[in-house]
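The block underneath contains the structure these notes are about, expressed in structure tokens.
Within every chain, numbering begins at 1; the chains are lettered A, B, ... in the order of the sequence lines, protein sequences first and strands thereafter.
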Amino acid sequence: EVQLAESGGALVQPGGSLRLACAASGFTFSNYWMHWVRQVPGQGLVWVSRINTDGVSTTYADSVKGRFTISRDNAKNTLYLQMNSLRAEDTALYYCSTSVHGGYSETWGQGTMVTVSS
Amino acid sequence: DIQMTQSPSSLSASVGDRVTITCRASQSISNYLNWYQQKPGKAPKLLIYAASSLQSGVPSRFSGSGSGTDFTLTISSLQPEDFATYSCQQTSSTPLTFGGGTKVEIK
């Protein structure tokens, strides 16, 4: 069974850092692009970043560019999102998802909550 | 950035009704349009990709159509498990963008 499990969400102060992880199982992780998508509870979905299969190509939303870094460890079947200089507006539920060609998201994790507040 | 506008933002319907949700892109996106369903407290679920391709395992009462800037998601006969929020997404160019969502409620 294809599964994604996010972790690492927490309460952090503005300006702080956090690293999210997404553990993949049940499929060949290295064959899939991966996305991070976030959602403020009660609001819509917002795409954050994506990474290609070997980790060489990465893309970011302007709102996180220069502050967030997406990466992956195909040997560990894990996707990461390093989040620096966090702001209140980064508060959201963060989902990871699989993507065959870097487009639509086929499988989603259950999300991990990030709260940025003093 | 490509803006995605969904309408309506919410609707009330009865079991068995035919429901149509529209999504408009601010510029042509060919058929790079996807639809997701999300239930409260759950992750989104892919329903339709490439405007009209049904994701494996999704009931055939769901269908998608359109190309260019105007797209439609149709539920041919609404079932109790279909009450949820539906979102469109363009994957023509980055940043990938979502519509604001359409909440389908029970009448």
Exercise. So which residues of residues 90-111 of chain A are in contact with chain B at a heavy-atom cut-off of under 4.5 Å?
Worked result: A:Tyr95, A:Gly102, A:Gly103, A:Tyr104, A:Ser105, A:Glu106, A:Trp108, A:Gly109, A:Gln110
Exercise. Are there residues of residues 17-49 of chain B that reach to under 4.5 Å of chain A by heavy atoms, and which ones?
Worked result: B:Asn34, B:Tyr36, B:Gln38, B:Gly41, B:Lys42, B:Ala43, B:Pro44, B:Leu46, B:Tyr49
Any donor and acceptor pair, going by atom type alone, linking the side chain of [X] with main-chain N or O of [Y] inside 3.5 Å?
| X | Y | answer |
| --- | --- | --- |
| A:Thr112 | A:Gly9 | yes |
| A:Asn84 | A:Ser17 | no |
| B:Gln90 | B:Pro95 | yes |
| A:Asp54 | A:Asn74 | no |
| B:Ser9 | B:Thr102 | no |
| A:Arg38 | A:Val46 | no |

Exercise. Heavy-atom distance under 4.5 Å between the side chains of B:Val15 and B:Phe83, does that happen here?
Worked result: yes
Exercise. Under 3.5 Å, is there a donor-acceptor pair linking the side chains of B:Gln3 and B:Asp1?
Worked result: no
For this session: Against chain B, label A:Val48 side chain, backbone, both or neither, depending on which of its atoms sit under 4.5 Å from a heavy atom there.
Result: neither
Problem set entry | Toward chain B, the part of A:Gln43 with a non-hydrogen atom under 4.5 Å |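 Neither; nothing under 4.5 Å.
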Exercise. Between A:Tyr80 and A:Arg19, is there a cation-pi geometry (under 6.0 Å to ring centre, at most 45° from the normal)?
Worked result: yes
Exercise. Taking all atoms of both residues into account, what is the closest heavy-atom pair of B:Arg61 and B:Ser77, and its distance?
Worked result: CD-O, 3.4 Å
